[in-house]
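I have placed the structure first, in the form of structure tokens, so that the comments after it can refer back to it.
The sequence lines fix the lettering, A, B, ..., with proteins before strands; numbering per chain opens at 1. FYI, side chains are in, hydrogens and waters are out, and symmetry mates aren't considered; it's all heavy atoms of this structure.
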Amino acid sequence: MIDIRLVREQPDVVKTALGRRGIPPAEVDVLVALDADHRAALARQEALRAQVKALSRQVGEARKAKDEARASQLADESRRVGEEERGAAEETDRLADELRSLLLVTPNLPADDAPDGAGPEDNVVGRRWWPGMDAGRPEPEPAAHQRVPHWDVGAELGILDMPRGARMSGSMFPLFRGAGARLLRALTSLALDRHATAWEEIRPPTMVLTETLTSTGHLPKFADEAYHVERDDLWLIPTAEVPLASMHRGEILEEADLPVRLTAVTACFRREAGAAGRDTRGLLRVHEFDKVELFAFTTPAQAAEAHADMLARAEALLQALELPYRVVDLCTGDLGAWAKRTFDLEVYAPGADRWLEVSSVSWVGDYQARRATIRYRPADGGPTQLVHTLNGSALAWPRIWAAVVEWGRQEDGSVRLPEVLTPWFGPAPVIRAR
RNA sequence: GGAGGGAUGGCAGAGCGGACGAAUGCGCGGCUCUUGAAAAGCCGUGGGACUCCGGUUCCCGUGGGUUCGAAUCCCACUCCCUCCGCCA
């Protein structure tokens with residue numbers, strides 16, 4: 001949630017910021033008006049409440065003084081004021097609900113330095129990297145044998161079995177087998193071992209409460225995108241960001257304990273309702289996939305460094321895996337609802353001939369912290385403040401799997417794996433047909 | 001799934017219808033004493049909302065209810081503990 005106080009005190013700042021996302025200023029005016037009404041109602045209610053409390057106290061005193069007549073007279077009056085208060089409370093609650101519902105679907109204010117734009121076409125493509133770039137080698141040109149899409153390579157080698165995945169779960173549920181499954185396991189181990197130096201490894205639950213999914217911003221706005229287990233009213237997480245953000249929900253942390261940095265691998269579940277019919281082949285878009293996530297709780301001052309660190313970690317993995325990639329600075333029109341600034345990492349996949357988003361690293365500011373009331377006590381003893389949260393994938397495996405397999409494909413059809421996977425596949429790692 | 005017990009401040013733990021946002025202890029912060037430290041003593045120490053900055057109000061697991069008045073009584077739910085059953 002954005003700060004209602006900022007909306008109240010500097011509505012123009014909020015209008016300008018949300019305007020960059022294409023939100024009309026009238027929506028901010030609605031917030032301002034609702035907030036004013038709510039506060040007026042609250043003041044009325046609290047005045048009545050104070051009256052009830054004062055009268056009740058006097059009832060007790062009258063009783064003690066054995067003045068029954070006065071006691072019952074005061075009680076009658078208190079009852080009358082109490083009824084009035086109940087009416088006022090209903091009005092206050094109604095307005096509070098209305099305000100909160102609106103606030104819950106209002107997106108975050110983008111960072112000042114996030115590029116302006118209307119949609120994905122306006123994203124800013126930044127630096128690029130490819131193996132050997134530092135040594136002055138030119139960008140690699142895929143050979144004919146690398147122009148085979150991973151779903152074909154996977155079928156040839158028997159390491160990806162989409163038809164059987166569909167048999168058990170329907171389309172877009174991949175089934176990896178043999179060396180293909182091992183490759184996923186290797187990638188996860190590689191990533192977690194690297195992160196574990198500074199980031200605490202977590203294995204969170206993958207089914208969560210409605211409140212947990214609301215804290216991050218996924219609910220109520222994006223309910224159609226998530227799988228819901230009706231009988232138990234639990235949701236399957238679309239990313240480990242969701243449970244990790246709730247690690248400290250409702251807590252007040254000490255500044256000395258910040259930043260808190262977490263890493264986790266989980267399955268991620270997405271209905272992809274809005275993308276039906278698009279990217280249906282292979283691993284481009286699937287309903288269930290494994291992803292290693294980084295998540296940080298920081299002070300506002302620590303956020304920039306944490307953001308850079310996350311991005312650097314994701315990039316380091318791509319470099320270790322020898323995959324050409326580019327950094328994309330998301331424009332205000334493509335930024336996720338809760339993000340202030342996001343960098344996507346896209347890997348080029350020569351077989352599918354597409355840039356694939358394999359990581360998204362976001363600075364969320366206090367947007368989630370306010371929804372989840374996650375605060376910290378400053379070391380100087382000042383009042384508690386909301387923390388900042390950041391999240392980033394490092395990395396999402398199916399698309400990495402696809403890129404590794406396509407780039408690695410050799411003339412004889414086997415797949416040469418990056419050297420960094422030697423611990424799992426032996427020296428000069430290769431996947432051959434079974 | 002069944003039976004019982006519990007949920008109060010950073011922690012432990014009182015309170016069980018009237019000035020209780022809450023005793024006491026521990027912890028933590030400050031001060032006194034001391035060459036310094038310890039000990040001792042004194043003082044302070046939860047979070048939020050609104051505010052005409054005087055205050056007002058909310059929070060004792062969550063949500064309802066009873067009452068002039070609820071941490072205290074009633075109902076429902078959630079979570080934790082013990083025992084039984086089942087189980088990877």
Side-chain angles (χ1 to χ4, degrees), chain A residues 1-9 31-104 203-215 229-235 243 246-258 260 267 366 368-387:
Chain A
M1 278 188 292
I2 58 171
D3 185 2
I4 187 63
R5 261 186 240 180
L6 184 67
V7 174
R8 178 153 75 222
E9 287 160 15
L31 282 174
V32 172
L34 262 178
D35 173 54
D37 290 351
H38 171 249
R39 277 180 306 135
L42 185 65
R44 270 197 302 279
Q45 185 205 334
E46 289 193 350
L48 290 167
R49 181 82 191 134
Q51 227 175 311
V52 169
K53 287 180 74 166
L55 287 166
S56 297
R57 215 174 292 138
Q58 290 172 39
V59 171
E61 281 160 13
R63 282 267 156 78
K64 221 172 277 176
K66 302 284 183 210
D67 188 347
E68 278 306 317
R70 183 168 156 71
S72 75
Q73 183 208 328
L74 285 164
D76 286 349
E77 196 180 343
S78 178
R79 188 184 302 118
R80 212 194 62 239
V81 179
E83 268 159 32
E84 208 181 326
E85 191 243 326
R86 196 150 52 172
E90 267 172 38
E91 176 72 353
T92 309
D93 292 349
R94 188 183 65 76
L95 287 164
D97 284 351
E98 209 175 316
L99 181 61
R100 184 174 165 79
S101 310
L102 195 55
L103 234 29
L104 279 177
R203 187 20 266 237
T206 41
M207 291 172 79
V208 298
L209 303 170
T210 296
E211 198 183 347
T212 304
L213 209 52
T214 303
S215 293
V229 181
E230 200 127 338
R231 187 185 175 103
D232 299 287
D233 194 17
L234 288 168
W235 302 78
S246 278
M247 276 276 294
H248 294 296
R249 191 170 75 213
E251 293 185 31
I252 299 176
L253 305 165
E254 295 301 328
E255 180 170 356
D257 295 331
L258 296 174
V260 171
D366 60 15
Q368 291 174 336
R370 185 170 292 108
R371 293 169 89 104
T373 37
I374 309 166
R375 292 162 291 176
Y376 74 97
R377 211 182 302 279
D380 66 13
T384 56
Q385 285 185 49
L386 293 168
V387 300

- Message: I'd like to know if Arg94(A) pairs up with Asp97(A) as an ion pair, taking the criterion as any Lys NZ or Arg NE/NH1/NH2 lying under 4.0 Å from an Asp or Glu carboxylate oxygen.
- Response: no
- Task: Taking only Lys NZ, Arg NE, NH1 and NH2, and the carboxylate oxygens of Asp or Glu, determine whether Glu211(A) and Arg249(A) approach each other closer than 4.0 Å.
- Result: yes
Any protein N or O atoms within reach of nucleotides 59-61 of chain B? Criterion: under 3.5 Å, listing atom names and distances.
none

Remember a base hit wins even if backbone is also touched, and classify [X] as base, sugar-phosphate or nothing at under 4.0 Å, heavy atoms.
| X | value |
| --- | --- |
| Ser72(A) | nothing |
| Glu61(A) | base |
| Arg80(A) | nothing |
| Arg70(A) | nothing |

Just name whichever nucleotide pairs with [N], Watson-Crick or G-U, keeping both distances under 3.5 Å, else none.
| N | value |
| --- | --- |
| rA22(B) | none |
| rU72(B) | none |
| rA7(B) | rU78(B) |
| rC86(B) | none |
| rU56(B) | rA49(B) |
| rG29(B) | rC43(B) |
| rU67(B) | none |
| rA38(B) | none |

- Query: Around atom CZ of Arg8(A), are there more than 12 heavy atoms of other residues, nucleotides or ligands at under 6.0 Å?
  - Reply: yes
- Message: Does Arg70(A) have more than 12 heavy atoms from other residues, nucleotides or ligands lying within 6.0 Å of its CZ?
- Response: no
- Note on the structure: Per nearest nucleotide of RNA chain B, the residue lying toward the 5' end, Ala54(A) or Gln58(A), is Gln58(A)
Considering only atom [atom1], compute the distance from [N] to [M] and round it to an integer number of Å.
| N | M | atom1 | value |
| --- | --- | --- | --- |
| rG36(B) | rC31(B) | P | 13 Å |
| rA37(B) | rU32(B) | C1' | 15 Å |
| rU8(B) | rA70(B) | C1' | 14 Å |
| rG69(B) | rG18(B) | P | 15 Å |
| rA49(B) | rG41(B) | C1' | 39 Å |
| rU56(B) | rG21(B) | P | 12 Å |
| rG25(B) | rA76(B) | C1' | 36 Å |
| rG2(B) | rG13(B) | C1' | 32 Å |

Heavy-atom pair with the smallest gap, counting every atom of [X] and [Y]:
| X | Y | result |
| --- | --- | --- |
| Ala71(A) | Arg63(A) | CB-NE, 4.1 Å |
| Thr384(A) | Ile252(A) | CG2-CG2, 4.0 Å |
| Glu85(A) | Gln45(A) | OE2-NE2, 3.3 Å |

- Query: Hey, is the side chain of Arg39(A) poking within less than 4.0 Å of OP1 or OP2 on rU51(B), counting only N and O atoms?
  - Reply: yes
- Please check the phosphate of rC58(B) (OP1 and OP2 only) for any side-chain N or O of Lys53(A) closer than 4.0 Å. yes
- Item | Residue among Thr214(A), Thr212(A), Thr210(A) satisfying side-chain hydrogen bond (donor to acceptor under 3.5 Å, both in side chains) with Trp235(A) | Thr210(A)
When rounded to the nearest 0.5 angstrom, what is the spacing between [atom1] in [X] and [atom2] in [Y]?
| X | Y | atom1 | atom2 | result |
| --- | --- | --- | --- | --- |
| Met1(A) | Leu103(A) | CE | CG | 6.0 Å |
| Ile2(A) | Leu31(A) | CD1 | CG | 6.0 Å |
| Leu48(A) | Glu84(A) | CG | CD | 5.0 Å |
| Ser56(A) | Glu61(A) | OG | CD | 11.0 Å |
| Glu251(A) | Arg375(A) | CD | CZ | 10.5 Å |

- Message: Tell me the interatomic distance from Ile4(A), atom CD1, to rG48(B), atom C1', rounded to whole angstroms.
- Response: 16 Å
I'd like a table of atom pairs between the protein and nucleotides 6-10 of chain B - only N or O on both sides, under 3.5 Å - with the distance next to each one.
none

- Task: Answer syn or anti for rG48(B), where the cut-off is 90° from 0 on the glycosidic torsion.
- Result: anti
Can you check nucleotides 65-72 of chain B for protein contacts, nitrogen or oxygen pairs under 3.5 Å, and list what you find?
{"residue": "rC68(B)", "atom": "OP1", "partner": "Arg79(A)", "partner atom": "NH2", "Å": "2.7"}
{"residue": "rC68(B)", "atom": "O4'", "partner": "Ala75(A)", "partner atom": "O", "Å": "3.2"}
{"residue": "rC68(B)", "atom": "O2'", "partner": "Ser56(A)", "partner atom": "OG", "Å": "3.0"}
{"residue": "rC68(B)", "atom": "O2'", "partner": "Ser78(A)", "partner atom": "OG", "Å": "2.1"}
{"residue": "rC68(B)", "atom": "N4", "partner": "Arg63(A)", "partner atom": "NH1", "Å": "3.0"}
{"residue": "rG69(B)", "atom": "O4'", "partner": "Ser56(A)", "partner atom": "OG", "Å": "2.9"}

- Ignoring hydrogens and geometry, is there a side-chain-to-backbone donor-acceptor pair from Thr373(A) to Arg370(A) under 3.5 Å? no
- Item | Nearest to side-chain heavy atoms of Ala50(A), which nucleotide of rA19(B), rU56(B), rA49(B) | rU56(B)
